[in-house]
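So the structure is just underneath, and the comments pick up after that.
Owing to the predicted nature of the structure, the values given are computational and were not obtained by experimental measurement. Numbered from 1 within each chain, the chains take letters A, B, ... in sequence-line order.
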Amino acid sequence: MLNQRLVRENPNLIARELSRRGMRLDLKGLQVIAQKQKDLEKRRNLLQAEGNLIGKKVGQSIKQGLDPTSKEINSLRQEGNLIKQKVNELDIEEKKAAEILRNKLLSLPNLPSPKCPNGQNETENKEIRQWGDPPIGKHFKNHWEIAESLNLFESERSARIAQSRFVTLLGNGARLERALINFMLDLHSKKGYKEILPPVLVNTKSLTSSGQLPKFAEESFRCADDDLWLTPTAEVPVTSMHRNEIIPSEQLPLKYVAYSPCFRREAGTYGKDTRGLIRLHQFNKVELYWFAHPEKSEEAHDQITTDAESVLRELELPYRVIELCTGDLGFSASRTFDLEVWLPGAGVYREISSCSNCDEFQARRSSIRTKEDKKTRVLHTLNGSGLAVGRTMAALLENGQQPDGSVVLPKALVPYFGAKQIELNQ
RNA sequence: GGAGAGGUGGCCGAGUGGUUUAAGGCGCAGCACUGGAAAUGCUGUAUAGGGGCAACUCUAUCGAGGGUUCGAAUCCCUCCCUCUCCGCCA
């Protein structure tokens, strides 16, 4: 959420920055409402002070022995009633204004960082760096062909269990997924991340706090009888873990690594990535998350990205780092680096991690602050996949495929998987 | 799911309609005392939003939201959460 003071004092700045995202907004109306709310609040406060004074007078008079039914007391009571009535009227108006303001503010995205390059859409993203030698050739198979021949997962029967876009991992497939989750959690834990296994059902407040609601309700699965949703990412429960807290600055940064299954409707992607492990309604993800000091979030952003990259390096998977342009930036992000892994079967780089600096945006929605020298201020939050597990498996299959149909696994994974390769007919 | 007890500052805890401006204690910080410390004493110690150069000051917040009242931590209503016992359950 954007700072309300900014709405009142510099709406043009907001409009200008959001235009970099391709939004054309006139914030004059919003500014008027914000100002109105503040004015009403001021008037109400003054009236309340008057009312408090009368209340005090009545109390003192009675204490001094004045008859509670006397003229003086009764006239004070009348005065008090009058004030109360006025306060109520102001209060109703003020709440209306505050509600409108809040709803509008909650559906405005974050301002892009000054460092975020301008652009209309994903075609204008900037490549930052590349790592590894991407194997190229027509003979490489897609990961679902490999998985099928190795009998790693079952898609058609999964539709029987749930729907399309669900997958059931089998045998070595299930084992590999589990190995990857453990490997990633261990790798990040060793770097000082605290491991979290969060609830995957989250309430409306939590989804609002990290920015998925109110705008993207159609992207999440909702429980019919409860105020609970299936989380689209561990970012949601981890953000809300510290909702309404003040974290002393000497404790920052708080670094968490959270494994969770993630649930997304993937509305509007019919026909896209219908086969394999790339786009599912349920997938596993290991998420990195930082609560950082507001002045140190840029370094934190570099570090969280590097930490996410380390998984790909350990797994010897070629990748590149892309900086998203303003037009491709997510709702809560001010700046984002995507990691894209090379898929030789598909012959493309595919997003496998998104590392975002959300600066104050989520923290303000969640009221997460830090305290330093008696001053409280909103802190910064960052998140990055470390990594999407299903897509990592796809990349391992495509990059590790051998002419004989087996798949060779990277050394780092062997202790976790228990074998150097996945053979045919196992 | 049933019955009962609770929810007050960083923590413990008093407070059942009016000098509560939330007592007292613990913790923490500063100062004094000390060779240094302990002990002791004094002062300070929440959040949000306003006003003021500042000292300071106003408003709200005692689980959340409503209500009664001139005045609510205290009374009423709704909801949430915690604990104990019972039932059910991995």
Looking for any heavy atom pair under 4.0 Å, which part of the strands does [X] touch: base, sugar-phosphate only, or nothing?
| X | answer |
| --- | --- |
| A/R8 | sugar-phosphate |
| A/S367 | nothing |
| A/K205 | nothing |
| A/R5 | sugar-phosphate |
| A/K38 | sugar-phosphate |
| A/N52 | sugar-phosphate |
| A/K95 | sugar-phosphate |
| A/I246 | sugar-phosphate |

- Query: Looking only at atom C1', what distance separates B/G25 and B/U19, rounded to whole Å?
  - Reply: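 Straight-line distance between the two C1' atoms is 23 Å.
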- Which whole number of Å gives the distance between the P atom of B/G17 and that of B/G67? 23 Å
- Message: Could you tell me how far apart A/R77 (CZ) and B/U68 (P) are, to the nearest whole angstrom?
- Response: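 After rounding, the reported distance stands at 16 Å.
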Less than 6.0 angstrom separating the ring centers of [X] and [Y], yes or no?
| X | Y | answer |
| --- | --- | --- |
| A/H380 | A/F291 | no |
| A/F361 | A/F331 | yes |
| A/Y289 | A/H242 | no |

- Query: Is a donor on one side and an acceptor on the other found under 3.5 Å between the side chain of A/R21 and the backbone of A/G330?
  - Reply: yes
Side chain of [X] - closest among [options]:
| X | options | result |
| --- | --- | --- |
| A/Q48 | B/A60, B/G51, B/C70 | B/A60 |
| A/N81 | B/A46, B/A48, B/C70 | B/C70 |
| A/I62 | B/U59, B/C70, B/G18 | B/G18 |
| A/V58 | B/G71, B/G49, B/G18 | B/G18 |
| A/N45 | B/A60, B/G49, B/A48 | B/G49 |

- Residues A/R43, A/E94: salt bridge by 4.0 Å N-O rule: no
- Query: Starting at the 5' end of RNA chain B, which residue's closest nucleotide do you reach first, A/R44 or A/G59?
  - Reply: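 Looking at RNA chain B, the more 5' nearest nucleotide goes with A/G59.
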